2 protein chains.
Amino acid sequence: MNQQTTKDKTFAVVGTGVIGNGWIARFLANGHDVIAFDPAGGAEERTRKAVELAWPSLEKIGLAEGASVDRLTFVPTIEEAVAKADLIQENVPEREELKKSVLTSIDQHAKPEAIIGSSTSGIMPSRLQEGLKHPERLIVAHPFNPVYILPLVELVGGKATTQAVIDEASNIYASIQMKPLVIRKEIEGHLADRLMEALWREALHLVNDGVATTEEVDAAIIYGAGLRWAQMGPFLTFHLAGGNQGMRHMLEQFGPALKQPWTKLIAPELTDELKEKVIEGCESHAGDASVSELERKRNEFLVKVLDLVEDYWPETKSIAK
Amino acid sequence: MNQQTTKDKTFAVVGTGVIGNGWIARFLANGHDVIAFDPAGGAEERTRKAVELAWPSLEKIGLAEGASVDRLTFVPTIEEAVAKADLIQENVPEREELKKSVLTSIDQHAKPEAIIGSSTSGIMPSRLQEGLKHPERLIVAHPFNPVYILPLVELVGGKATTQAVIDEASNIYASIQMKPLVIRKEIEGHLADRLMEALWREALHLVNDGVATTEEVDAAIIYGAGLRWAQMGPFLTFHLAGGNQGMRHMLEQFGPALKQPWTKLIAPELTDELKEKVIEGCESHAGDASVSELERKRNEFLVKVLDLVEDYWPETKSIAK
């Protein structure tokens, strides 16, 4: 499916907290009709306020033709919300029984060919599919806050999800300017949240042990690794730390640190097989680009992003002047 | 000490690998004389090449008055390198016995009031101080690659390091456009590397378990959390995920996830004391800024940094089109 054919699709959003509202703003900005449902009192007012606050950023990113906040309709029941929708995005609180009951209701009232995307940050899709009439069209589509700006969406199929649904979901989310990352195996926390959660748990340990304040942890990330991760993630970043030999040299030099008590997290054994997976992964990702070409790009990026950090973030008090 | 008084300081660099060369480029760009020593054949040539590659970025950041690559001198012995230096930066390979023997030699030949900064990424300064004549002037000053661009330097004093040395080191590194973060307790891996290593180990587990390729891990970070971490680190990022109530609400909503098998890393118990530390840390860091003010700044930053990511990073193949 290309942007042409997704143009007239209708999107339904069930559950309008921070994440649901983020989806609504993104769908609207991409020129779609959105039908929303949330049983909480005052939900519509909060959503309209949230969309208004998001809109200036969306205008800067660029609105699709016909995009308008007026194309949002709130309805009083799930049935009405999902009846005409081509894609239904579920964002109710992260409790498995609640999600299952809401998804069952969505499944009953949606068109059979509609896709149901769940925003769950951790529950495996196979569990959410249990008991549905049309489990094949349920997929985890996990976004990141703020949903209307951050492009990543993790797509995770369950045992019943068909490849056709994964492909179509990929196309739909890509058509609203997202980066769909199809995850190979369903595990709790999918992929990104496992990584984030590892960092978060280590950070909590450090605060708990009195090693650092929350502000110091933030400063340690912002001015060090954070700037690099924003551009190339942890693996390619380390590929550049190994000199011209890249990851191959890096693993020789810093592989032994995996045995050291540098975090509360026990490392996997650095077997030859794992080494090769990591080295080949980085080399294939880098493609024709040599380490020094990557370094040049990295440097240009970092110089510009550092300027942005200075403009948009006040000096933290943790940093000595 | 202010920039005035650090202006005529001489910097020595012992060990000229990727990190040592990064220091040299930064010292030179800030208008200092640098004396370097490395026993490896061809070291001087490699360093001059590395400085040349770094220079265009340093010009964009802005060179200090009098800054010149010609102010770098290579000498054939440690003695000559350190004799006149006010700050000596040690960057030999990460093996404790080697570091200790080089530091002993530096300590013997340096002026007693010179500060010795070790770039060690993991060894505690109290161990490096053992056996020095003047252990009080040794401090860990751990930078991040590329050292000539990334501003973070972790300063860690050992048992013998005096507060005066920590303060002076802070001033010196700040005078060369760095962000010195003084670490409260010495632990293996200091602060930033513990955080980075937790993420790295989880990433290795995911690759090892066949959940993702290295490229998919990188994509999951870049387009999701990485962009946010670059601006505000993990804690303040989550402060903004909690709606108007910030971290207080966030811990209520996502605190229970700490009990779930979302990473290989076991979380600390989320006691009331830890909760309050985290909430108060975020609230004090945010200061007068409300969550919605922070969101506005975050959005402006993210829109701009996303543009940069598009300009400087080719589409990863992991992302569905």
Side-chain angles (χ1 to χ4, degrees), chain A residues 57 60 144-145 149 151-152 170 179-181 185 188-189 191-192 194 196-199 201-205 207-208 211-215 218-227 229-230 233-236 241 261-263 265 267-268 274 277 281 285 297 299 301-304 308 312 319-320, chain B residues 57 60 144-145 149 151-152 170 179-181 185 188-189 191-192 194-199 201-205 207-208 211-215 218-227 229-230 233-236 241 261-263 265 267-268 274 277 281 285 297 299 301-304 312 319-320:
Chain A
S57 300
K60 268 178 220 143
F144 295 80
N145 184 47
I149 302 181
L152 186 67
S170 243
K179 308 277 189 189
L181 182 63
K185 274 190 189 177
E188 281 112 342
L191 175 58
R194 290 186 82 92
M196 282 167 58
E197 185 83 11
L199 186 80
R201 290 182 184 192
E202 185 71 20
L204 288 175
H205 277 297
V207 170
N208 201 37
V211 175
T213 65
T214 63
E215 195 174 338
D218 283 349
I221 292 294
I222 297 167
Y223 293 112
L227 299 173
W229 285 336
F235 281 105
L236 220 59
W262 272 17
T263 125
L265 199 160
L274 176 54
K277 267 193 191 176
H285 188 182
K297 286 186 99 162
N299 287 356
F301 174 85
L302 287 178
V303 169
K304 292 189 180 177
L308 281 181
Y312 284 99
I319 296 286
Chain B
S57 299
K60 268 178 220 143
F144 295 80
N145 184 47
I149 301 181
L152 186 67
S170 240
K179 306 277 188 189
L181 181 63
K185 275 191 188 176
E188 281 112 342
L191 175 59
R194 290 186 83 91
L195 297 161
M196 283 166 59
E197 186 83 12
L199 186 81
R201 290 182 184 192
E202 184 71 21
L204 288 174
H205 278 296
V207 171
N208 201 38
V211 175
T213 66
T214 64
E215 195 173 337
D218 283 349
I221 292 295
I222 297 167
Y223 292 111
L227 299 174
W229 285 337
F235 281 105
L236 221 58
W262 274 17
T263 127
L265 198 160
L274 176 53
K277 265 194 192 174
H285 189 182
K297 286 186 99 162
N299 287 356
F301 175 85
L302 286 178
V303 169
K304 292 190 180 175
Y312 283 99
I319 294 286

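Sequence lines set the chain letters: A, B, ... in the order given, protein chains first and strands last, and positions in each chain run from 1. These numbers were taken from a predicted model, which means no experiment stands behind them.
- Per-residue heavy-atom pair counts under 4.5 Å with chain A were compared for B/Leu199, B/Thr214, B/Val207, and the maximum is reached by B/Thr214.
- When the candidates A/Pro234, A/Gly281, A/Ala192 are compared by the number of heavy-atom contacts under 4.5 Å with chain B, A/Pro234 comes out ahead.
- With hydrogens and angles ignored, the 3.5 Å screen pairs no side-chain donor or acceptor of A/Asn299 with any backbone N or O of B/Ser57.
- Taking both residues in full, the closest heavy atoms of B/Leu181 and A/Ala220 are given as CD2-CB, 3.8 Å, listed atom of the first, atom of the second, then distance.
- The residue among B/Leu302, B/Leu274, B/Thr263 with the most heavy atom pairs within less than 4.5 Å of chain A is B/Thr263.
- Of the listed residues (B/Gly233, B/Ala225, B/Ala241, B/Ala212), the one with the most heavy-atom contacts under 4.5 Å to chain A is B/Gly233.
- No donor-acceptor pair closer than 3.5 Å links the side chain of B/Lys304 to the backbone N or O of A/Leu308.
- Nearest heavy-atom pair across A/Leu227 and B/Pro151 is CD1-CD, 4.4 Å.
- Taking B/Trp229, B/Phe235, B/Phe144 one by one and counting their heavy-atom pairs under 4.5 Å with chain A, the maximum is reached by B/Phe235.
- Annotation: the span from A/Leu265 atom CG to B/Arg194 atom CZ amounts to 11.0 Å, rounded to 0.5 Å.
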